[in-house]
Amino acid sequence: MNATHHHQRAAEQSPGPSHFAGNVEMDNVVLKVNNLKTYFFTRRGVVRAVDGVSFDLKKGECLCLDGESGCGKTVTALSILGLIDSPPGRIVCGQINYDGLDLVQCSSRQLRKIRGNDIAIVFQEAQSALNPVLTVGDQIIEQIKLHRPLNYKEARRRAVELLAEMGIPSVERVMNYYPHQLSGGMKQRALIAMSLSCDPKILIADEPTTAVDVTIKAQILDTFRELKAKRQMSLLFITHDLAVVAEIGDRAVVMYGGKDVETAPVSEIISNPKHPYTAGLIACLPDVSKATDKLASIPGTTPDPLEMPPGCAFHPRCDRAMAICSQQQPPRVAVSGEHKVSCHLYG
Amino acid sequence: MRKLLVFIVLVLASSITLAGCAKSEVSDTGTTGMATVKGIFIEGQSGGDAETLNWILAADATSFSYVGHTLDSLATYDNEFNIQLRCLAKDVEVSPDGLVYTITIRDDLKWSNGSPVTAEDYVYTLKNLMFSDWLNYPYKGDWQEEVNGETVFVTPEVVDATTFTITRQTVDPEFVYTIYDLTPYPKYIAVNYEGDVEAFTQAPEFNNLTYTGNLGPYRFKEWIRNDRFVVERNPDYYLGKDVGAPYFEQYVIKIFGTSATRQAALEAGDITYTGIEPEQANKFRNLPHIKVYTVPTRGYTLLAYNQRANGWEGLKDKTVRQALSMAINKQTISQAILLGFAEPAFSFIPQTSPWFTDEGLVQYGVGSLYDKKKAAELLYHKGYGIKKEDETIKVTNKDGSPLHLILAVNTGSKPAEDIAFLVRKELLELGIEVEIKLMPWETLLRQYVMNKVPNTDQEPRYNNGPEAVSREPWDLLVIGFNTDLLQPSGSYVFFASHGGLNFMGYSNPEVDELFKRAKSKEALDKEARRQIYAELSRLLSQEQPVNFLVFHRANHGFQKNVKGIEPGINMGYNYHLWYFE
Amino acid sequence: MIKGLEDTIIKLRHFWHSNMRLVSYYWERTHRNRLATCGLAFIVFLVLLALIGPFLTLDPTEVNFEEKNLPPVGFTVEQSVYNIETGEFITKKVAGTWKHPLGTDSKGRDMLAMIVSGARVSLFVGLIATGIAIILGTIIGVLSAYFGGWVDNVMMRFTDIMMTFPFFLLLVLIVFIFGPSLIFIILAIGLTGWTGTARMVRSESLSLRTREFVLAARALGASDNRVVFRHLIPNVISLIIVIATLSIPGVILAEAALSFIGLGDPTVPSWGIILEAGQHSLDTAWWVAVEPGIMLFLTVLAFNFLGDGLRDAFDPKSQI
Amino acid sequence: MRKSWLRDYIIRRLFYSIIIAWGILTVTFILVRVGPSSPADRYLANLAASGQDVTQVIAAIEARYGVDRPIWEQYTDYMTNLFRGNWGWSFSTSMPVIELIKKHWIYSFQLILLSSLFAAFLGILIGIYSAVKQYTKADYTFTFLSFIGISIPNFWLGVMLILIFSVKLGLFKTYYDTTLPLFSIENLKALVLPVITLGTGMLAAYVRYTRSAMLDNLRKVFVTTARAKGLPERIVIGKHVFRNALLPLVTIILFDLGSIVFGGAYLTEIVFGIPGLGQISFKAIFANDYPVVVAVTLIGTLVVLLVNLVTDIIYTYLDPRIRYD
């Protein structure tokens, strides 16, 4: 109660997102997403998959996008790369600033130059993210040749190096393997190797640990950590798993119903969640120290994307909902320098 | 080569008969001076390809016509039935008793290897091939006669290199026409295959006509099955030595799937000649680049009355047949169905035959003898009918039950089908219900035409005696017959009691006797024969063993630049003298 | 007694409701597809035409050579008759009349009446032959899947042979041998056309066989008969409906093709038979070939539209 | 590693194909021979006209072609000869069956090949376009047209094309001209209408198959991966999506190729008077010429079986996941 009060005050002192636009750390920001809205215009209605998301990605940091499935994380990632299927999807407003460019306004040719080269992405299911009828080698070489002026031999050599770097055994053979001949972990690594093949400045990882089992998950997280350390690149890590966030993230953006509800450094999110939703998520984390019979969970289900509740989308599930919650969108307030939250509790 | 008597009423615009031989002398049109050898003549046909060029094995007229381009027969005739003896034969002489035929062939005839064609080749062909048991020439019956109840072959004999005789034991004044059609096989090749039917069937020389030497206006070039038969100009042709004939580089017979595409090809100028259907005749006449010739044919369509045990009993009665014939309008058939390209028939001898006479001919189905009311009355008087209140007569069975007749007809022939429907319509007006049974030609033959005596192990034939019946019962049947203009006696097979094709079971001793007399010594006298045919015609027109319906006319469409054509019943007889302008 | 009746009624009502819900659900999904709706409407129209049309039109067998080859309303053609005496043609212009709105054929039969009675034949052939093929295919497919082992092996090898057999040639052979009667044509098409159904039903049943409710039924000791007829077949019904709808046009076309090459039943005027006659007089009376062709085309199109719509409706994958 | 199982598989399939071919051969032989009609049928009427004893002559003619013997004997005879490479003598066309086939296969082949190429090329292009532009006007138009294409009876289409383009407009000959040199523009022109006739149905079907196969793959994650790599759309569609869509397409196209040999090609040949194997075997059925019917059926069957086998083998290269065990 006390903490809440404190943050409320802090928000009053530094109102509005414009505050950190002029941040001194601006040079450090490699990707800036501002008020991004990506809607899907389907026959049954408009799905506001991403409905006003803003965040910065700084150089060398690992920013986690967290939230339940369907909250718009993946769509945000795809919007950054301009990979929204159109129709039915469309970025209706917002800016994505990268390297002096607004990616939303970029021509598809400019975007293609950035994709895979400056910004790469790793999808969650390596099984379906790799083309089943092309060899692993071919798929990596293809990307290298696309962005680098290398001949086939050189591209191949680089691909072999990358795979070896990812810790894949007998690389030469694996190059000629088709995806189905690899194990799940190997596939994931191959995919990561592919995304790294052009030394991207930003790597987006879309739930790379969801489809694999626990030991591999740990290995992959290790890989990412090493990468970040070694390569000085920014990582946008998408996950629904706060445990993963805690393990790898520097900062986190919590999303709900297409909106970023809370943004803060990871340590603060874990120790001092402001938004009731974030708090709920953290409460759901299995805590080994406490022996409880059952896992906690947030009551209710994620809202129907076609019928988003008015006001704060979370209010039907929120145990601290107020009258205003169902009427007005909560404003974004900064509870501390790096900690922002959208909730009427702090308005 | 053989002319076939029964025709499937299929395509009425039948192809012209390209005579097995043609005049050697320049025809009096005197146009040959302008003729030069050029161009390819393409004849369009629909209705199937030939089977074989090895003609002794053939069953179909198309096969004989293909071979005819490369191989002349002994003799032929022109449109006025003048016999042209200057073909392969120099002379065919009949002894006064009508038994010995002496044939003298030309001495400049050569096989392909250069050896002369001799009388020996002819006699060999007759004796060792056509009369042989191993080869089973299907039409050897033409060369057989009945002597003391036994069927024997006529006797051919070589006299010298260019002369041979054929001796009969019985007189047949019209046998000479069979001889005219004779073509030879080369003995020097045929001996290699003698006795081995399989080898003979597959003999490359016979199947590719490589032996024909100078015997025909054209030489075999190519035959693509179901597509085209191509012969090329034979520069050595014995009749062309002086005049340079024939004048076409190639003669092509092109096979089409339908008459529609065939005619369209003529219109487009893709082909030189084809038959024209009645519906199209006027259109083609008005085309500037086409010349249409309308000529009589040998074909006639008839309605057979089943007088066997499985037909309606009434049909055995002459009056009933007459009454039915009286109810069917032949004008409608010739005008509405065939659009004028037919004339009413009253007997089996058409107007175009030299033996035709209309003296005493009873003309059922036209004029005053097309009278439904009278027909109904006739039937009523025979007991087949009931009078209704308004005095009109409804034709019924004798017991007053409705009369139901079965009319069989083959499919694939539009005129035949149309006629069947017309017959049904006409008879319905008398109160007779006619059920039309449509079926393929072979089915019609096997189940309705062929017959056998029930409960015996007889093989079905077309006429298995008076007790025989067909497998399926029928009453009426639409069919086409060919008549031979020069030898009408051939029609005995249809109308004589024992005639091989008398499937309707008609029997009249008087008719039998007349046919016999037409083939006897008495008929050697032409006037006597004319009398016999007149009597036959009159008798059959009155007896109505069948309802003779119409004789057909055919339309032949040519590109206008084809010259030298003499239209007529046998218009192809001089085709080797045709040329492109 | 009354209690039993009540139970039955309740059960029936329940059955009716649950099924009607399903039916209306599928209808809703099919209906959404505009083309499928058009197809269904045309088929309904066609069925009505076939059922009551013959009572409204002229007699299709009535010939009248005085009125032959009349063009459809709005067209004029020239017709001429040859005069054998003068060698000249008497030509007249003939215009289509409302008595024969679609014209007449070369026998003067009313084309409209023939098209209408042709609809009867073509639909009859389509439905019966498809019925035979579908029933055979379903039985073979279900049994194959259910029993597996050597039964499956034998049946599927036989299906393989049938599938490899050049279908149309087989059809032509059978009809040629047994004669072109409608019954044989239907039987020939039905008896040769089941292979696809058998394959599809088999694979569908194979996946059903391992599903819980079948396993449960078998565990509870249900007889083979019961499992096959109560559990397997009802569950492949939707698949079968789709196959049937998509097979009917094929069957109608097969009959027409047979007629076209001269192996149709000449006594029953199907569209194919009319078309065959018409192609010989394309130049004189084009409408005789064009009209049945259009009907054939529209019918096949309608069934394809409907079949496609149904497939989408029944296919859970295509849910949007 | 791949080779050994593939070889075993091919051997197994070949063996199996031989059995199927033999089965079909036997059934066809029996079907043709048990029919009520006889090769002598065409003599029926004319024989009687010459006053012959029909039965005797028919018996003689049947003996000439060896069809008077017990069917079992004819069958073993035929099979023995076939095994020795002797395909028999066609008595309705008077030439060795093998010669007949040698002379006529090319007409069927060029028709089928050109139609397939035409249909596959255009069909795949339109299908891809339609899928990529899903739910646009162009897509709806092509989908609708493809429905029309599969519904139009191809023999009727042929007749209509002749009526319009040959009869009314005079742009083409009303028949196929066999005198044209095989590799010439004229020949290509002569095949335009037949190819359209035969190809339209196939084209429409391929549009539909391609469209749905492409749609199946367009939404897959690996396509997004490919785009995320920065690949141009042309390569994403052409290489990544199409390579995957090709799998079902190859089966369908090759399967169609087998089935049209005896379906549409048959009718097209008849409509346009193309003297191909279809037309030849069709005439042979009516003439009871069993050596031709059986031989053509056998060839058709072998083609289908071979094509199926080739499809399976191609498949292993197109889809590395496939293994036949």
Side-chain angles (χ1 to χ4, degrees), chain B residues 11 46 257-264 267 277-286 292-294 296 329 332-344 351 409-412 414-415 417-426 428 435-440 442-443 447 550-551 553 555, chain C residues 59-69 77-94 104-109 175-182 184 259-269 273 275-286 288-289:
Chain B
V11 192
S46 57
T258 63
S259 55
T261 49
R262 187 165 51 82
Q263 293 171 81
E267 188 184 344
E277 302 287 325
E279 284 87 357
Q280 298 284 305
N282 193 28
K283 175 187 153 191
F284 275 93
R285 277 205 183 212
N286 294 329
V292 178
Y293 300 97
T294 303
N329 191 345
T332 312
I333 295 174
S334 71
Q335 295 299 304
I337 294 178
L338 295 160
L339 300 177
F341 295 103
E343 56 174 342
Q351 218 163 354
V409 64
N410 67 287
T411 50
K414 211 171 81 63
E417 242 184 84
D418 287 0
I419 290 170
F421 277 90
L422 179 77
V423 168
R424 185 183 69 176
K425 187 175 148 86
E426 299 266 35
L428 192 63
E435 181 192 346
I436 295 178
K437 292 218 188 261
L438 276 163
M439 70 212 81
E442 280 77 18
T443 317
Q447 303 193 347
V550 284
F551 284 108
R553 289 282 187 281
N555 289 297
Chain C
D59 179 1
T61 58
E62 168 93 34
V63 298
N64 183 354
F65 290 98
E66 309 300 328
E67 286 190 341
K68 71 180 208 170
N69 286 340
V77 290
E78 254 181 23
Q79 285 180 358
S80 47
V81 175
Y82 180 68
N83 186 327
I84 214 161
E85 310 292 331
T86 61
E88 293 300 316
F89 284 91
I90 304 146
T91 305
K92 57 176 178 184
K93 274 210 186 307
V94 184
T104 61
D105 75 344
S106 63
K107 292 182 182 61
R109 289 177 292 192
V175 176
F176 175 72
I177 289 163
F178 293 102
S181 95
L182 200 62
F184 283 124
S259 302
F260 180 78
I261 58 172
L263 283 175
D265 189 335
T267 55
V268 192
I273 293 273
L275 205 164
E276 199 274 334
Q279 69 148 338
H280 295 283
S281 56
L282 274 184
D283 219 3
T284 1
W286 51 265
V288 184

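A, B, ... follow the sequence lines: proteins, then strands. Residue 1 opens every chain.
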Chemist: Is it the case that more than 12 heavy atoms not belonging to C/F178 sit under 6.0 Å from its CZ atom?
Modeler: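 Check fails, neighbour count at 12 or below.
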
Chemist: I want to check a possible cation-pi pair here: B/R285 against C/Y82, using under 6.0 Å from ring centre and within 45° of the ring axis as the test.
Modeler: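 Relative to the ring axis of C/Y82, which defines the angle, B/R285 lies outside at least one limit.
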
Chemist: Do you know the tightest heavy-atom contact between C/F65 and C/K107?
Modeler: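 Taking every non-hydrogen atom into account, CE2-CA, 3.9 Å.
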
Chemist: Between B/E343, B/E279, B/Q335, B/Q280, who has the most heavy-atom pairs with chain C when the cutoff is under 4.5 Å?
Modeler: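 Answer, by heavy-atom pair count under 4.5 Å with chain C: B/Q280.
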
Chemist: Looking at C/Q279 and B/T258, what are the two nearest heavy atoms and their distance?
Modeler: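 That would be OE1-CG2, 3.5 Å.
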
Chemist: Heavy-atom distances under 4.5 Å only: say whether C/N69 touches chain B with side chain, backbone, both or neither.
Modeler: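 Side chain only.
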
Chemist: Heavy-atom pairs under 4.5 Å with chain C are the metric here; pick the option from B/T332, B/L428, B/T261, B/T294 that has the most.
Modeler: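 Among the listed options, the one with the most contacts to chain C is B/T294.
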
Chemist: Report the option among B/E417, B/M439, B/K437, B/E267 that has the most heavy-atom pairs separated by less than 4.5 Å from atoms of chain C.
Modeler: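 Ranked by contacts with chain C, first place is B/E417.
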
Chemist: Give the C-alpha distance, both sets of side-chain angles, the deciding distance and a yes or no for side-chain contact (heavy atoms from CB on, under 4.5 Å) between C/K68 and B/L339.
Modeler: CA-CA 11 Å; C/K68 71 180 208 170; B/L339 300 177; 4.2 Å; yes

Chemist: Of the backbone (N, CA, C, O) and the side chain (C-beta and beyond), which part of C/S181 lies under 4.5 Å from a heavy atom of chain B, both, or neither?
Modeler: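 For C/S181, there is no contact with chain B at all, as no heavy atom is under 4.5 Å.
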
Chemist: Using heavy-atom distances under 4.5 Å, tell me whether B/A342 contacts chain C through its side chain, its backbone, both, or neither.
Modeler: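 Backbone only.
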
Chemist: Please examine the side chains of B/E277 and C/T284, heavy atoms only from C-beta on, and report whether any two atoms are closer than 4.5 Å.
Modeler: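 With C-beta onward as the side chain, the pair stays apart.
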
Chemist: Sort out for me which of C/A285, C/G179, C/G87, C/S106 touches chain B most, counting heavy-atom pairs under 4.5 Å.
Modeler: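 Maximum pair count with chain B is reached by C/S106.
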
